[in-house]
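Let me begin by presenting the structure, written as structure tokens, before commenting on it.
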Amino acid sequence: MNNQEVAQIFENIADMLSIKGEIIYKTLAYRRAADSIRAQSRSVEDIWRDGKLKDIQGVGDAIAKKMDALFSQGKMPFYEELKAEVPVGLVEMLKVGDVGPKKAAMFWKEMGITDLDALEKAADEGKLRDLDGMGPKSEARILEGIRAFRRRQTGRISLGDAWPTAEDFLARLRDIPGVEAAEAAGSLRRWRETVGDLDLLVGSSHPDDVMQAFLDFPEIGRVLGQGETKSSVELNNGLRMQIWVHPPERFGSALQYATGSKEHSVKLREWALKQGLSLSEHGFKRDDGTEILCAEEANVYATVDLPWIPPELREDRGEVEAAKAGVLPDLVTLEDIRGELHAHTDWSDGQLTLEEMARGAQESGLDYLLITDHSQSLGVTNGLSEERLRSQRQAIDKLQSKLGDSFRLYQGAEVEILADGTLDYPDDVLKGLDVVVASLHTSLRQSREKVTKRLLRAIRNQHVDVIGHLTGRLIGSRDAADLDVEAIFREAAEHGVILEINSNPERLDLNDVHARRAVEVGCKLAINTDAHHLDHYAFRRYGIGTARRGWVTASDVINTLSMKDFEAWRAARN
DNA sequence: GCCGTTTTCGGCCCGACTGTTTTCAGTCG
């Protein structure tokens, strides 16, 4: 059972207990345990085997015992009993806007409603409005909430859609008179791999005017909520957006608040309280009621004697403790990247020529580029036969002489790891390539043992230098292959094989948790774009965001090396 | 239910917004 599945059980328990009316702190404890399990880079089942469950933040005697039952018996009696008592449909109901535990319990107990369909029917027939604390408006909101929930079933949007939209809005917000600053906040600023809605923060001394100007943007389809400091809207394309407007002298604390995560902010506020300071989006308050205002976000952290914590780390995964101890990692940046090690051309399924891809990389400031067209078996991608691979070598050498000494073009390949674990070119062909990237594209649904074995075999091949997009997942459309990542990381570390963070916003593979664990185990990483077009080089920032979320530093990343050092690494590999 | 640079017991972040209310409960982030 994977961490996600275990976390989901505790999340469900928290929901069910809250519907039962259990004290909030108990439900909070289950929720914290679930978050903490999700953030574990190691499998919690492994941790259980080692008898170290209680080392996990938020896991104490009671929750450890329940996990023990789950892993040793295959099920958790406490959870089974709870499910028999509280209908599971109520848990889904909580995902509808404006429906929380109190209302869900009321619908259940007063009207016998136990699932979304029944709730929708009751709302439609006007039967909810007579309940305590309800009225026609609440009923209409819930009905709309159910419909919005069904619309967004596909879920969260990718960073590749979210960032460009946010940047467009931010640019226009900055043009509004009276706006002194506008920044993205929320999970977008933390570079989470998907975001539920876009959070934007504006600094202005004229909040009413700014808010009104924003609400007049033509893309805005529906206003969900509107106040002095905060409004929430739905765009015509269904995307949700929240905007906060705070005075410039309070912008720093507002940005900190709006960026989250909630768990990080709670930690920070608890820490502030210990120093007699109450922190909110408006700033700090001392016990005597006087305020400390923060125009800059760094001032928020400095006020409680902490260094500024990069947004990507703010998930309550140990960053506050690391900040206190002065051991925050010096995270890799976009500017650290010197070369690209995964790019396609029209020799296989890329859209541009060798020269166009090379010039583009050179003009974007890179020092070297590894061309990695697909290998022969991947027919749909026009994979290269051995003969075409030899022709491509000549073309690359010829182009190199045109490009000059300040930029180096390498020939590699993205070699398919076949279903039986062998590679798609024989060893003597692989030997002739400058750097070899090996990836899986097919038979991802094999058993955990089989896929893991394929990858281990590829890693042990002396010619393989990099493993591309390890799990093969496509966010929102294809699940990751079931892998023993721990075994793979150990093997890669031992053989000096690099693991890629694929920057395509649909992939982001390795993900943040994997990246962090891989480095812990001793692996080096590459941050690649998998570009099939010049435009795709811009994906790099998403890979960087993912790496930073994984606490990755420049020295963990092979393509931060200068051309000279990269050449030395390559020589040592051969 | 968890946890300890106030505590092994008694706390556990803070405020905005909405709709239903005549001062507040519920939800959300």
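Reckoned from all heavy atoms, side chains included, excluding hydrogens, waters and symmetry mates. The sequence lines fix the lettering, A, B, ..., with proteins before strands; numbering per chain opens at 1.
- Put simply, the residue from A/T259, A/V320, A/L268 that forms a side chain to side chain contact (heavy atoms under 4.5 Å, CB included) with A/R314 is A/T259.
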Residue pair A/T165, A/D168: steps toward the side-chain hydrogen bond (donor to acceptor under 3.5 Å, both in side chains) verdict: CA-CA 5 Å; A/T165 305; A/D168 175 44; over 6 Å; no

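- Just one of A/E315, A/R317, A/E319, A/R190 meets the side chain to side chain donor-acceptor pair (under 3.5 Å) condition when paired with A/H264; it is A/E319.
- The residue A/K137 sits close only to the backbone: its heavy atoms come under 4.0 Å of sugar-phosphate atoms, none of a base.
- Identified under the salt bridge (charged side-chain N to carboxylate O under 4.0 Å, His left out) test for residues 57-76 of chain A, with sequence neighbours left out: A/K54-A/D61.
- Reading DNA chain B from its 5' end, the first and the last nucleotide to sit under 4.0 Å from a heavy atom of chain A are B/dG1 to B/dG29.
- Mapping A/G58 and A/L279 onto DNA chain B by nearest heavy atom places A/G58 at the nucleotide closer to the 5' end.
- B/dT27 is paired with B/dA16 under the criterion used here, namely a Watson-Crick or G-U wobble arrangement in which both key atom distances are under 3.5 Å.
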Worked check of salt bridge (charged side-chain N to carboxylate O under 4.0 Å, His left out) between A/R240 and A/E234: CA-CA 4 Å; A/R240 295 201 169 198; A/E234 190 177 80; 3.4 Å; yes

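- If you check every strand for non-hydrogen atoms under 4.0 Å, A/S278 touches sugar and phosphate atoms only.
- Nucleic acid contact for A/D61: sugar-phosphate only, since backbone atoms but no base atoms lie under 4.0 Å from a heavy atom of the residue.
- Both tests do not hold together for A/R517 against A/F489: distance to the six-membered ring centre under 6.0 Å, angle to the ring axis within 45°.
- Residue A/I23 is in base contact, counting any heavy-atom pair closer than 4.0 Å across all strands shown.
- A/Y257 comes within 4.0 angstrom of a base, heavy atoms only.
- In terms of position on DNA chain B, the residue among A/I63 and A/L277 whose nearest nucleotide sits closer to the 5' end is A/I63.
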